[in-house]
Amino acid sequence: MGVLVLAELDNGTLSPATARVVAAAAKLGAIDLLVAGPRAAAEAGATLAGVAKVILATETVLADGLANLLAGLAPGYEHIAAAASTTGKDVMPRLAAQLDIQPVTDIVAILGANRFTRPIYAGNALQTLTDAQARHVLTFRASAFRPAAGGNAAPIETLDATVASAARFIAAHRTESDIPDLATAQIVVGGGVSVGSAEGFKLIEALGRSLGAAIGATRAAVDAGYAPNDWQVGQTGKIIAPDLYIAVGISGALQHIAGIQGAKKIIAINTDAEAPIVKIADVALIGDLFDILPQLTAELEKR
Ligand code: FAD
């Protein structure tokens with residue numbers, strides 16, 4: 001029995017999280033990728049290494065419909081997986097309840113067919129667990145895995161099934177942005193409350209642009225109205241695992257650190273050499289962000 005992965009779609013196109021979940025799930029076996037969306041998304045999914053077959057189903061955006069779709073396919077699979085994203089967190093518990101399975105969520109490492117590592121206590125500890133159930137419902141923290149390579153040409157099979165859904169889709173209100181997706185970006189520049197204003201955050205954005213980075217913020221900065229809610233990183237925000245996190249004017253409170261533990265390198269820019277973020281940073285620039293950021297951005301733009 002193989003692995004069924006739910007493809008994550010973003011406005012009808014395959015989201016970057018899908019390639020990461022596919023790369024993770026490929027360690028468990030050959031993957032059938034369920035794409036409940038347009039054919040072009042299925043074609044993109046078919047190119048991912050590790051995908052044996054794409055199952056193209058009727059476009060379904062609501063969690064109960066997706067859970068019903070997966071439940072219908074479940075008997076053929078030992079592992080059913082999705083990203084630990086807002087979609088995955090909405091769909092997979094519904095599926096697990098339907099199948100009467102305890103899901104294993106937020107996996108950051110696969111140690112065997114039924115052995116996984118996941119963060120617990122808001123990221124303050126890592127738990128290794130063995131899932132003794134016959135079938136496994138899993139969510140993966142996409143940012144913890146490298147994306148699957150392209151170049152594959154898996155066949156696409158159309159699933160002719162009507163999707164039962166008790167909910168009705170009314171509208172989606174989206175924020176348009178050309179900034180990379182925070183949850184999967186390789187570089188993230190994060191700003192804290194000491195940036196001082198929404199105008200001040202333009203300095204963070206300029207540094208981010210010069211590096212092709214996504215922008216994050218602390219809860220204090222979001223609460224102060226300096227940055228939008230969907231930039232919040234941490235225990236109650238997004239969990240990120242970039243190659244590089246640049247923390248600008250961020251103290252490094254436990255709740256913020258919970259969101260950046262997967263970062264491979266951290267650079268802290270802070271006036272306080274004793275700030276907790278400085279203690280865990282690989283490189284610290286001690287000084288005023290209003291002096292350092294314009295210089296840093298100007299140097300990077302010369303490249
Ligand atoms: P501060 O802690 O005030 O730090 C500001 C830093 O900027 C200091 O280190 C200071 O030295 C430095 N600084 C000041 N001026 C300058 C300058 N000119 N140049 C350079 N450096 C300067 N927080 C999150 O971020 N994410 C979460 O998900 C989250 N969830 C929470 C959940 C709960 C239940 C609770 C209780 C709190 C949560 N918090 C979260 C809030 C968290 O505890 C901190 O309050 C918050 O992270 C602090 O944000 P900050 O680093 O911007 O501000």
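Note that the structure is a prediction, hence the values are computed from the model and not measured. Each ligand, and each atom within it, is numbered from 1 in the order the structure gives.
- Shown here for Val193 and Tyr226, the closest heavy-atom pair between the two residues is O-CE1, 3.3 Å.
- For the pair Asp106 (side chain) and Arg141 (backbone), a donor-acceptor distance under 3.5 Å is absent.
- Remark: the Gln232 side chain and the Thr236 side chain contain an N/O donor-acceptor pair separated by less than 3.5 Å.
- The protein heavy-atom contact nearest to atom 1 (P) of ligand 1 is Ser251 OG, 3.6 Å.
- The nearest protein atom to atom 48 (C) of ligand 1, hydrogens excluded, is given as Ala220 CB, 4.0 Å; this is a heavy-atom distance.
- Each of the following atoms of ligand 1 lies closer than 4.0 Å to a heavy atom of Gly237: 28 (O).
- Look at Glu299 and Lys302 and you find a salt bridge, because one of the NZ, NE, NH1 or NH2 atoms lies within 4.0 Å of a carboxylate O, short of that distance.
- Side-chain contact of Asn152 with Thr47: a donor-acceptor pair under 3.5 Å is absent, judged by distance alone.
- In terms of polar-atom proximity, Phe290 is not counted as a contact of ligand 1, lacking any N or O under 3.5 Å from an N or O of the ligand.
- The protein non-hydrogen atom at the shortest distance from atom 43 (O) of ligand 1 is Gln255 OE1, 2.8 Å.
- Checking only distances, Gly249 does come within under 3.5 Å of ligand 1, N or O to N or O.
- Contact annotation: for Ala253 versus ligand 1, heavy atoms closer than 4.0 Å belong to the side chain alone.
- Scored by the salt bridge (charged side-chain N to carboxylate O under 4.0 Å, His left out) test, Asp32 finds Lys53 as partners (sequence neighbours excluded).
- For a threshold of 3.5 Å applied to N or O pairs, the pair formed by Val233 and ligand 1 contains at least one separation below that value.
- Atoms of ligand 1 found under 4.0 Å from any heavy atom of Gly192, numbered from 1 in the order shown, are 52 (O).
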Q. Going through the checks in order, is the side-chain contact (heavy atoms from CB on, under 4.5 Å) test met by Ile215 and Leu182?
A. CA-CA 7 Å; Ile215 308 297; Leu182 184 54; over 6 Å; no

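- Other residues, nucleotides and ligands place more than 12 heavy atoms under 6.0 Å from the NZ atom of Lys27.
- Nearest protein heavy-atom contact of atom 10 (C) of ligand 1 is Asn270 OD1, 3.5 Å.
- With hydrogens left out, the protein atom closest to atom 30 (N) of ligand 1 is Thr236 OG1, 2.7 Å, a heavy atom.
- A donor atom on one side chain and an acceptor atom on the other are not found under 3.5 Å apart for Ser210 and Glu301.
- Near Asp288, meaning under 4.0 Å from one of its heavy atoms, ligand 1 places the atoms 17 (C), 18 (N), 19 (N).
- Counting only heavy atoms of the protein, atom 53 (O) of ligand 1 lies nearest to Val193 CG1, 3.3 Å.
- Protein heavy atom nearest atom 33 (C) of ligand 1, with residue, atom name and distance: Arg219 NH1, 3.4 Å.
- A salt bridge links Lys279 to Glu274: at least one charged side-chain nitrogen sits closer than 4.0 Å to a carboxylate oxygen.
- Distances below 4.0 Å separate heavy atoms of Gln235 from the following atoms of ligand 1: 27 (C), 28 (O).
- No salt bridge links Arg135 with Asp100; every basic N to acidic carboxylate O contact stays at or beyond 4.0 Å.
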(Q) For a side-chain contact (heavy atoms from CB on, under 4.5 Å) check, start with the C-alpha distance between Leu4 and His79, then their side-chain angles and the critical distance, and finish with the verdict. (A) CA-CA 6 Å; Leu4 178 62; His79 298 89; over 6 Å; no

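- Put simply, atom 21 (N) of ligand 1 has protein non-hydrogen atoms near it, under 4.0 Å away.
- No part of Ile277 comes within 4.0 Å of ligand 1, judged by heavy-atom distances.
- Atom 50 (P) of ligand 1 has its closest protein heavy atom at Thr218 OG1, 3.6 Å.
- Of all atoms in ligand 1, listed by their number and element, those nearer than 4.0 Å to a heavy atom of Gly287 are 19 (N), 20 (C).
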